[in-house]
Each structure stands twice: as structure tokens, then as C-alpha cells.
2 protein chains.
Amino acid sequence: MLKISEKTAAMPASAIRKLVPVADAAKAEGVKVYHLNVGAPDIKSPDCAVNAVIEQCKNMHHLSYTNSAGLIELRKDLVEKYYKKVGINIEVSELLVEVAGSEAFSCAMQIAADEGDEIIVVEPFYTNYNTFAFLHGITLKAVPTNIREGFKVPDISEFEKLLTPKTKAILLCNPCNPSGKLFTKEEMLKIGEFCRKNDLFLISDEVYREFCYTDEPYFSAMDIPGCEQNVILVDSVSKRYNLCGARIGCIISHNKEVMAAAMKLAQSRLCPPVLGQYATLGALDTPFSYFDEVKEEYIARRNCAIEALNQMPGVYTPMPMGAFYTVAELPVDDAEAFAKWLLTDFRVDNETVMVTPAKSFYKTEGVGHNHVRIAYVLEVPKLKKAMHILAEALKVYPGRTN
Amino acid sequence: MLKISEKTAAMPASAIRKLVPVADAAKAEGVKVYHLNVGAPDIKSPDCAVNAVIEQCKNMHHLSYTNSAGLIELRKDLVEKYYKKVGINIEVSELLVEVAGSEAFSCAMQIAADEGDEIIVVEPFYTNYNTFAFLHGITLKAVPTNIREGFKVPDISEFEKLLTPKTKAILLCNPCNPSGKLFTKEEMLKIGEFCRKNDLFLISDEVYREFCYTDEPYFSAMDIPGCEQNVILVDSVSKRYNLCGARIGCIISHNKEVMAAAMKLAQSRLCPPVLGQYATLGALDTPFSYFDEVKEEYIARRNCAIEALNQMPGVYTPMPMGAFYTVAELPVDDAEAFAKWLLTDFRVDNETVMVTPAKSFYKTEGVGHNHVRIAYVLEVPKLKKAMHILAEALKVYPGRTN
């Protein structure tokens, strides 16, 4: 009998996108859905990014391949106009343009670990890490954290407990999707020392670097002294310049072996999207004040969301210090059933809200079943409406637990 | 000790791009290099493609994600404006937009076969098939062909010889990169029957579909009666509209399980490049006469290249009936050494030529060491110069065999 591969048959479907058909059905009935479920912000892309594409197109004869590592002028500009300015000092050869953070991450994982190997990740974590681990036959081992302690990184002994001869890397997302947790310098130094001591790679997903809501400077994994050979940085312009559709990211490492392997992987797919590369070239002329404005907007949205959530009886969420997500504990038996019920059964003035059940962001058994991820990516007035709907829904939800 | 994964360490580097640094060194000395080594044609991209991007950019607020399967309007237009017109009748749900042919191919392979499985491929074949097979732990078994017989597909008994319980698919590229071989209807029907009889997928890479130099209509794997569940079509707009940099392709199948698996894989990388999707939306308004003009140009180039090659003493190449490549047998001991020598040692009026050694396009031991792939992607006057240089080089090459 003709059968597809066992691997792709067994592959889990995207937990984030599972409820999309249910939302579509609600919309087909004329219901307005507030999307707090995806990290797709509504901020304007910088004009210089869009104009760069227009200019390139006006003068284009044909749209040819670029170097597999990306246009050399883009790599140079990324190094000079962005990384140098945020204090990450790298050579052009230590950066390779990828098809967004997704490809950068998938490559980093393959470079760090073979099939059968293990990677330690701090919980809760971006659910697609699971998907790539599954595809590459790598096991994720999760360090548990506590929502009531603001997802504080636990003592390094919790990492040690998970260490086996198969452990090849630590993986973290800073600031964190889904929790909004911003790793402190002390936490990063501890993790760095652990990696160095145990010869582990440190895969640091820093795509939300510009979204930090403290006055302290951002502390990148690239800043950990003595960890130069261990760190593999995963980055993307998707969130930074609101160019999610450009599909441009990069992988960065001082480790020559890592970069040589990244180049071999890159050559297999010929080159990154060229129009997206042009958009990024233009985006790099965005003044840093753009980030400040965006940050200010997000602080307002965050404060609105967190305050509203914590005022709902039985709801708890810590104050996220980065990214544009928060994980909230709800007084419900099953957050996935609740999220579905919002779409199928609950309306306020024919409007409802969509949230992401957070179970799939956890590995530890029994944790996260009553957690949701909220992306505060709407303007404050809309966000207020969405929070009102959520509050009303929790009052009457049949599966409420207290 | 900190070590990258065994897999990425052992991964072979791109055979096609290996000589690039050597060519760069020649160029740095001021030498002009005629590139016959890559399938990167110089034909103008259709204006409607480029204009579509400009229009979208002018009205753009921000560049957001699309559906993981691609913009719905793009999928509809691909089905209606292209596939229906070339006689491939599919539903929108039977097509998914991929990050060019490369991703489509990688997905097709993963869907058809698990690690440890085998796929039968007709020799010579596109060398990146090797790379993806390596990454997915799949073994390619090659059906040998003979350059002197124009790479005719051998009797089906040659396929049967390679059949094991681990064989999951047949893979072919039609018209073929690197040989330019166009599969006849009879050859396709035979292969189709073999797949049906043995429950094998038929992965058909048809990215050069518009480049056929016969009067007979193109016979796609999708046209094989009774093979509807077996065929997985890999396609791309890169060559068709000369939009290599757009990085847009698709995977097509009537098999629902295949498409469901493709969707799960697609969701892991969020969405295909959006600006490239816009370019493709525009490109679909290209009149079919564009292909005729391009074809006429390629026929002239092909005739020029093939005639010149076969006039060189000791050189043999068959007449390719599709794509824009040919494989030529040279009177040299080692085509890779020759290709390198062209770049390092040989000049005519300070010009030289770059060709691709074809060894890596073969699996069969001892075959292809004196073959090169020639991409006839230059205008006729330039092509004539390049052929002259090649002829002169062969006269004096120290490793000449006869």
C-alpha cells in the first residue's frame, strides 16, 4: 500500500494554528474576532524598507540568485549598521542570512545536535521548537519554571539534573516567546558558565531583542565572556521592523565550524528570498528612535493587558519585561477547550477573542493545561475591548474551576 | 570538547559552488569569466511581475505573514491561470506554495521516505538531490544511462534490479538538470506503471517544463493515468519567469495524505516569502507568448553550444531536448581538475570559462569523471566566445587523454 513516511504522518500539527478553522467558522457567521493568538503586530513597517524594494524593482532586469549566505552588502550592513550599534561585534563571515528565524533556528539545532541527542530548554518555550526537534530526531528536555515566580530561571542544579552524555546544547529565547520573560545578566552568565563547563552549545533566539521594557541594556548571549565558541545566535528582522513576510533572519556565531556547517546547509537551498533581502537593506536605515516609539506603544499595550488580566478573578499573569506576549493562568479546567468555546459559543455584541492554549509550550507533565498565551499586539482601545470580552467569558464559562 | 553534529560535519559541500572561490580569485586578477556553470539565465523577468511588487509596496502598511500554504489568491491564480492552461487540473487544496523548488523537493522527499529508506533516481541527476537525501538519511539508488544513447531511460528491468522493501519512490527531473533529457510519453508511462505496481511515490521535478524543444506537448507526471495518488509534483517559478531570487515554488499532489503532511511541514516555517508571492501573482499575467520567445532564444543558444561542442575533437554531447543544460564528455582525465585549471591557468585574451564538473551528478562508480555540465545561459555572441575558449583550452590541456 502507498503510504507517506512515518515521520511526516506522526508529525504534530501546529498547536498555534489548530484553532484557525474554528475562528474562520465564527468569522463566516459575521462574528468579529480579536486576535490575541498570533505574534503578528500591526505596527507600520519602516518606509525605508518598503521604498528600498520599490527602488530595486524599478531598476531590475531580472531577479537572480544571490550568494547562499545573502547579498554581501546586506551582510556588511547588518554587521555595521545594526549589530555593531547594539554592541554585538562580529565579522561579516560570522553572519549568514537565513530564511527568517525559522530556518536559522532549524539550522542551529542541526548543527548543535545529531539525531538521538538532547537539548535542554527553559519552559515555557516556543512550540515550533518542538516541531523542529521532532523533524531532526532531537529530544527536548525542559527545565521547569514557575509562573508565580515570574518564570525565574531556577538554580543551575535543575539544568544539571537533565544533563546526560547526549546533551549537546541549551536553548533559550530571550526575551521569551511565550512568557515575555527577560533573562537577567546573572541568569545568562550562569547558563553561559554551565555551557562552557559542559561543552554545550548555547542557542540563543533573540528575535525580540528590541522589545525590552527595562532601563538596563539588553544582555545578549554574545556578551557572555568566554562563551564565544559556544553561542549560536538566532535572529530575525520579522518583529524588529515588522517585516514578518520578508522571511529574513540570520544565524551568527564566532565558531568557524558552526558557520562552515551553516554555509553547507544554506547552499542546499540556494539563496534567501532576494526581495526580502532588499527590504532588509532598506530597513537597516531605520533610525533607532523607531524602536523607542514602538517600545513605548508596546509598554502601553502591555500595561493595559496585564492590569486587565490580573483584575479578573482567578486570573494570574506576571509582568512580562520583554517581547509582546504574556502567559496567563486562568480559572478553567482546560485552556484549549476554553479557547475553542470562546470561538464557538461566546460573544459580546457579536464579538469574541482568540487566545492560544499554552499546553504545547510545556514539556513537563501536568503543567500549562490552564495557561494561555496572550499576544498584546492590538491597539489599546481594541485591546481593552478584547480584555472585556475575556473577563465576561470567564464569568460564565461552564468549565470554570473556582 | 565542543563539537558540531556529526551530520553537518560530514555533509558534503555543494559540488556546483565548490569552484566559486577559484573563479573569484581569477576575477580579482582582472580575468573575465564566462559562466556556463550555473543555471542562472539572463532573460528579463516579466514586467508584470516586477510591477506587481511595486504596486503592493506602494499600498503597504506592513509586511505580515500569509497563510503557511501561501496567499489564497496566489494559490487560486496558480491553479486557474497557469496549471489549468497547461492541462494540469488540480483543486486549490492540491497545491501548496513553497520556498522555491528547493523546499518543495525537500518536503516531497521527507513525505515519501523515512530515514533508512531508498529512492530510485535516473542518472545523471541534480546534485542537490544528494544533499537533501543526506540530510534526511535517505539513500539514492541510481539507474544508469548512457550519454552515447542520449541518456535514454533504460528498460524497466533496470529499475526492478534496484527495488528493495525499502524503496519508497522514484525521482526524476523532466526535462532534466543536468542532461537536458526530455522524458518521452512512453518512458513516463512505463515509470508510472512501475510506481503503481510497486506502491511507490513518483516525485517529478518539472521546474523546466516551459523549456522543451520539440513540437510534441509536454507530458507531465500528472498526466499518467492511474498514478493520481502516486505523483508528487515539484515546481518553481524561478526558471519559468526568470524569478530565481523570488524563492517561490510549489508542491502539488492529488494525494490528500501528502498534502496534509506538506501543510504540517509548511506550518513549521510559518509562511513563504511574501514579496516573492506578490511577484508571482503578477507573473501569472505573463502571456504564454513570453515562453515562446524565451524558448526560441534558448533553441538558438542550444544549437550554438551543441554544434560547437561536437566540433571539438574528442568531445561528445547529445542534443538536449529540454532545460538549458547539456552534459558533455571531454577528452580529459579528470573534468574537475580541468574545470579548475581553466580558472587558474588558462586564458584567451584574458578571458576564461567556468563549467561544472559532472561527477557529483552520478552515483555509479567510475562514471562521469570526464563529464561536465554546460549551462547555455549566455547570449549567442558570448556563448560563441566561451566555446572558442573551451576549444582552445582542450587543445593544450596537459591532462588531455586522446
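The sequence lines fix the lettering, A, B, ..., with proteins before strands; numbering per chain opens at 1.
No other option in Ile232(A), Asp42(A), Asp117(A) has as many heavy-atom pairs under 4.5 Å with chain B as Asp42(A). Chain A forms more heavy-atom pairs under 4.5 Å with one residue of Ser238(B), Gly276(B), Cys244(B) than with any other, namely Cys244(B). For the set Phe132(B), Tyr278(B), Phe201(B), Tyr241(B), the count of heavy-atom pairs under 4.5 angstrom toward chain A peaks at Phe201(B). Options Ser102(B), Ala262(B), Gly245(B), Ser68(B) differ in how many heavy-atom pairs under 4.5 Å they form with chain A, and the most are formed by Gly245(B). The candidate from Ile54(A), Ile111(A), Asn130(A), Leu200(A) with the greatest count of non-hydrogen atom pairs under 4.5 Å with chain B is Ile111(A). Taking chain A as the reference chain and counting heavy-atom pairs below 4.5 Å, the highest number among Val99(B), Val20(B), Val274(B) is found for Val274(B). Contact count against chain A (heavy-atom pairs under 4.5 Å) is highest for Glu115(B) among Gln56(B), Glu55(B), Lys7(B), Glu115(B).
Contact of Ala169(B) with chain A is not made at all, since no heavy-atom distance falls under 4.5 Å. Contacts between Pro272(A) and chain B at a heavy-atom distance below 4.5 Å involve the backbone alone (N, CA, C, O). For chain A, no part of Ser106(B) is nearby; none of its heavy atoms comes within less than 4.5 Å. Using a 4.5 Å cut-off between heavy atoms, Asn255(A) touches chain B through its side chain atoms alone. Both the backbone and the side chain of Asn242(A) have a heavy atom closer than 4.5 Å to some heavy atom of chain B. The parts of Val50(A) that come within reach of chain B are both its backbone and its side chain, each placing non-hydrogen atoms under 4.5 angstrom from that chain. With a threshold of 4.5 angstrom between heavy atoms, Ser45(A) approaches chain B through its backbone and through its side chain. Contact of Ala49(A) with chain B is not made at all, since no heavy-atom distance falls under 4.5 Å. For Lys3(A), the part sitting under 4.5 Å from any heavy atom of chain B is the backbone (N, CA, C, O) and nothing else. In this structure, chain B has a heavy atom under 4.5 Å from the backbone of Ala113(A), while its side chain stays farther away. In this structure, chain A has a heavy atom under 4.5 Å from the backbone of Ser64(B), while its side chain stays farther away. Contacts of Asn51(B) with chain A are absent, with no heavy-atom separation under 4.5 Å from either backbone or side chain. Neither the backbone nor the side chain of Ile248(A) comes within contact range of chain B; no heavy atom of the residue lies under 4.5 Å from a heavy atom of that chain. Contact of Lys18(B) with chain A is not made at all, since no heavy-atom distance falls under 4.5 Å. Neither the backbone nor the side chain of Lys168(B) has a heavy atom closer than 4.5 Å to any heavy atom of chain A. Contact of Phe134(A) with chain B is not made at all, since no heavy-atom distance falls under 4.5 Å. For a residue to count as touching a neighbouring chain, one of its non-hydrogen atoms must lie under 4.5 Å from one of that chain's; by this rule Val258(B) touches chain A with backbone and side chain alike. Contact annotation for Thr127(A): neither backbone nor side-chain heavy atoms come within less than 4.5 Å of a heavy atom of chain B. With a threshold of 4.5 angstrom between heavy atoms, Pro12(B) approaches chain A through N, CA, C or O but not through any side-chain atom. Looking at Ser14(A), the atoms closer than 4.5 Å to chain B (heavy atoms on both sides) sit in the backbone and in the side chain alike. Using a 4.5 Å cut-off between heavy atoms, Thr131(A) contacts chain B through its side chain alone, with no backbone atom that close.
Between the OG atom of Ser236(A) and the CG atom of Leu270(B) there is a distance of 9.5 Å, given to the nearest 0.5 Å. Atom CG in Leu2(A) sits 11.0 Å away from atom CG in Asn198(B) (nearest 0.5 Å). Distance CE/Met1(A) to CD/Gln229(B): 10.5 Å, rounded to 0.5 Å. Rounding to the nearest 0.5 angstrom, the gap separating the SG atom in Cys271(A) from the CZ atom in Arg247(B) is 5.0 Å. Interatomic distance, NE2 of His62(A) versus CG of Leu243(B), reported as 10.0 Å (0.5 Å rounding). Within the model, atoms CD of Gln110(A) and CG of Leu135(B) stand 6.0 Å from one another, a figure rounded to the nearest 0.5 Å.
For Ala261(A) against Ile4(B), the heavy-atom pair with the smallest separation is CB-CD1, 3.9 Å. The nearest pair of heavy atoms linking Val53(B) to Cys57(A) is CG1-SG, 3.7 Å. His61(A) approaches Lys44(B) most closely through the heavy-atom pair O-CG, 3.3 Å. Residues Pro273(B) and Pro273(A) approach most closely at CG-CG, 3.4 Å, considering heavy atoms. Across every non-hydrogen atom of Leu275(B) and Ala279(A), the tightest pair is CD1-CB, 4.2 Å.
The local environment of CD in Glu193(B) is sparse, with at most 12 non-hydrogen atoms from other residues, nucleotides or ligands closer than 6.0 Å. More than 12 heavy atoms of other residues, nucleotides or ligands shown are found within 6.0 angstrom of CD on Glu228(B). More than 12 heavy-atom neighbours from other residues, nucleotides or ligands sit within 6.0 angstrom of NZ on Lys27(B). At most 12 heavy atoms of other shown residues, nucleotides or ligands fall within 6.0 angstrom of atom CD in Glu6(B).
Within the 4.5 Å cutoff, the side chain of Lys264(A) has no heavy atoms near those of the Thr8(B) side chain.
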